[in-house]
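Here is the structure we will look at, set down as C-alpha cells.
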Amino acid sequence: MKGIVSLIVVLGAWQGAGWAGWLNPHLLPPPTEILQAFRETAAGGVLLGHALASLNRVLTGLFYACLVALPLGVLAASSRRVRGYLQPLIELLRPIPPIAWIPLAVLWFGVRGDRASNFITFVAAFFPLFLHTFSGVRHIEQLHLNAARSLGASRRMLLLDVALPSALPFIITGFRISLGFAWMCVIGAELIASTSGLGYMIEINRSMLNTANVMCGMITIGVIGYLMNEGIMLLERRFSWRPLQ
Amino acid sequence: MIRVTAVSKQYAGGREAALQKASFEVRKGEFFCVLGPSGCGKTTLINIIAGFVKASSGQVLFDGKPVDGPCRDRIVVFQEHNLFDWMSVAANVEFGLKAKGVPAAERCRIAGEFIDLVHLKGFETAYPASLSGGMKQRVALARAMAVDPGCVLMDEPLGSLDSQMRERLQLEIMALWEKTKKTILMVTHDIEEAVFLSDRVALMSKAPGGISEIVNISLPRPRTAAVKATPEFQKLKRELSEKIMGDR
C-alpha cells in the first residue's frame, strides 16, 4: 500500500514537471510519453520480439551453463583431485566480470546472430551455478553419507538419491542467482554485440534520441527480471526440504 | 558372530588412545550392551565395528571375516537421527532395500511391515521434519531392520530422548529384537537400559577405554517394564553401578 502511494507521488511529480515544461523531453520524457512508447512498440510486436530475443539468449546460456556447471560442481565436490585441478582455474576466472568478455566474444563470434550474447550469458550463469552445486554437495552431512554407505548404497544411489537431492536447495538458489546475473549481462552484451534484444533496442533508440523508447525498454528489462526472480523463489520454496524455521 | 580382539584406536593428534585393547565376542541372536561413561570410546568402538573407522591395531571379525568398510550386514542406528530429510518415511525405510535391488512392489510391502512394527502406520508419506524425536528414531530402527542385516549396531540410540520416550522405545527395541531375532550390539551409558535389554553387558572403563568385565544378565525373558521393579533387577543394577563407579 505504502509502495503504491510513493509510486503515485513520484509519477505525479514527474508528470507535473513535464507539463510545467521543466523537463527536457529528449532527456527525461514524462510518463505519458513512455506509456505512448509502450503502446507503439507493443502494437507492432517490436517490444515482444526484442524481449523474446533476450530471453532466448539467457535461457540458452543458462542451459549450457547447467550442462557444464552441474557435473563439474558435483565432481569437484566429491573428488579431492578434481578439486585440486579446478579450484585455481575457477578462482582466477571468477573475478573477471562477464561483461569484460564481450570484446573477446565479438572477436570470436561476431555481432550478428546470438552466439556472442549466448556466450556471455553462459559465462555469467556458470559461476554461481558451479559454486552453489559445489558447496551443496560439499555440505552433505557425514551422518547421511555414513547411513547411506552402511545401507549398502552404490555410487549411483549415493549421487542420485543422496548427494543431489540433499544439495538441491543450494542448486536452485544457484540457479536463481545465475538467471538474474545472466539477465543483467545479456543486456550488456546486446548493447555492444547484437542486432536484436532489449539491450540493442535501448541502444539503437538512444542513438536516435528516442528517449521514451529507451525508458520503455529499461522498464521491460526490470519487469521481466523481477518476474523471473519471483518465479524461481516459488520453485525454491517448493523444493526446499529444509524445515522452514 | 562379532569377535573383537585387542582393538585399539589412536586418533592422529590425540594424546591418549581412544580405545585400548578392547576384546569381546557377541554371539548370534544375542542382545549385547557395551556400558560405559561418556568419553570412554564407545562410539569409536561402534564406528570400528561398522567399518567407518579403521582400528590402529587389533582385529574385528564378522562371521569369521575381517571387517573392512561399511556393509549392509552391520547397520548402525545413531544417537542423532540421520534420516534422509528429503525423503518420506516410506522412502527412508525403503532405501536399503532399493540398494539391495529389491523390486519396488516388494520394497513397499516390506517397508510397510516394518513401519507397522514401529507403530508408525499412517505416517508413510510424512517427512522427517514433521516427526518428533522418538518417531524419527523409530523410523531409523525400521530402516535398519528392513534390510534384514546380520546384526544391528546401536550407538546410544535413545540418548537424545526424554526419559518417558526412552522407556517406550526400550520396549519397542525389545519387541523388534524378539520378533526379528537379530543380533544387536548396543552402546549406552544408561545402566538401567543395559540391564533391561541385554543378555550380556560389557563394562567399559574410562579413557582410554577397554572392556573391564562382561556380566551375564540372567533375568527371564520375555521381559516387560514390570521387571524393573523386581529385586533381581535392582540388585543387578546396583552391582553394575558399583563396578562402574569403582572404576573411576
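Since the structure is predicted, the reported quantities are computational estimates derived from the model, not experimental observations. Convention: sequence-line order gives letters A, B, ...; per-chain numbering from 1. Hydrogens, waters and symmetry mates play no part in the numbers below; they use all other heavy atoms, side chains included.
- Top candidate by heavy-atom pairs under 4.5 Å with chain A, chosen from B/N47, B/I75, B/L97, is B/I75.
- Using modelled atom types, one side-chain atom of B/R166 and one backbone atom of B/L158 make a donor-acceptor pair closer than 3.5 Å.
- For B/K9, the salt bridge (Lys or Arg N to Asp or Glu O under 4.0 Å) test picks out no residue, with sequence neighbours left out.
- Options B/A99, B/S130, B/G96 differ in how many heavy-atom pairs under 4.5 Å they form with chain A, and the most are formed by B/A99.
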Side chain to side chain contact (heavy atoms under 4.5 Å, CB included) between A/V186 and A/L198, intermediate numbers included: CA-CA 9 Å; A/V186 78; A/L198 291 170; over 6 Å; no

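- Of the possible donor and acceptor atoms, none in the side chain of B/W86 sits under 3.5 Å from a partner among the backbone N and O of A/L164.
- Contact annotation for residues 148-155 of chain A against chain B (heavy-atom separation below 4.5 Å, listed by residue number): A/A148, A/R149, A/S150, A/L151, A/G152, A/A153.
- Interatomic distance, CG of B/L169 versus CG of B/L176, reported as 9.5 Å (0.5 Å rounding).
- Between B/F24 and B/F32, a ring centre-to-centre spacing shorter than 6.0 Å is recorded.
- Two residues are said to be in side-chain contact when any heavy atoms from C-beta on lie closer than 4.5 Å; A/I172 and A/I232 meet this criterion.
- Side chains of B/I211 and B/S23 form no contact here, defined as non-hydrogen atoms less than 4.5 Å apart.
- For B/F84, the parts sitting under 4.5 Å from any heavy atom of chain A are the backbone and the side chain alike.
- With a 4.5 angstrom heavy-atom cutoff, B/R143 touches chain A via backbone and side-chain atoms both.
- Using a 4.5 Å cut-off between heavy atoms, B/L83 contacts chain A through its backbone alone, with no side-chain atom that close.
- The parts of B/F95 that come within reach of chain A are both its backbone and its side chain, each placing non-hydrogen atoms under 4.5 angstrom from that chain.
- Between the B/N92 side chain and the B/S88 main chain, a donor and an acceptor come within less than 3.5 Å of each other.
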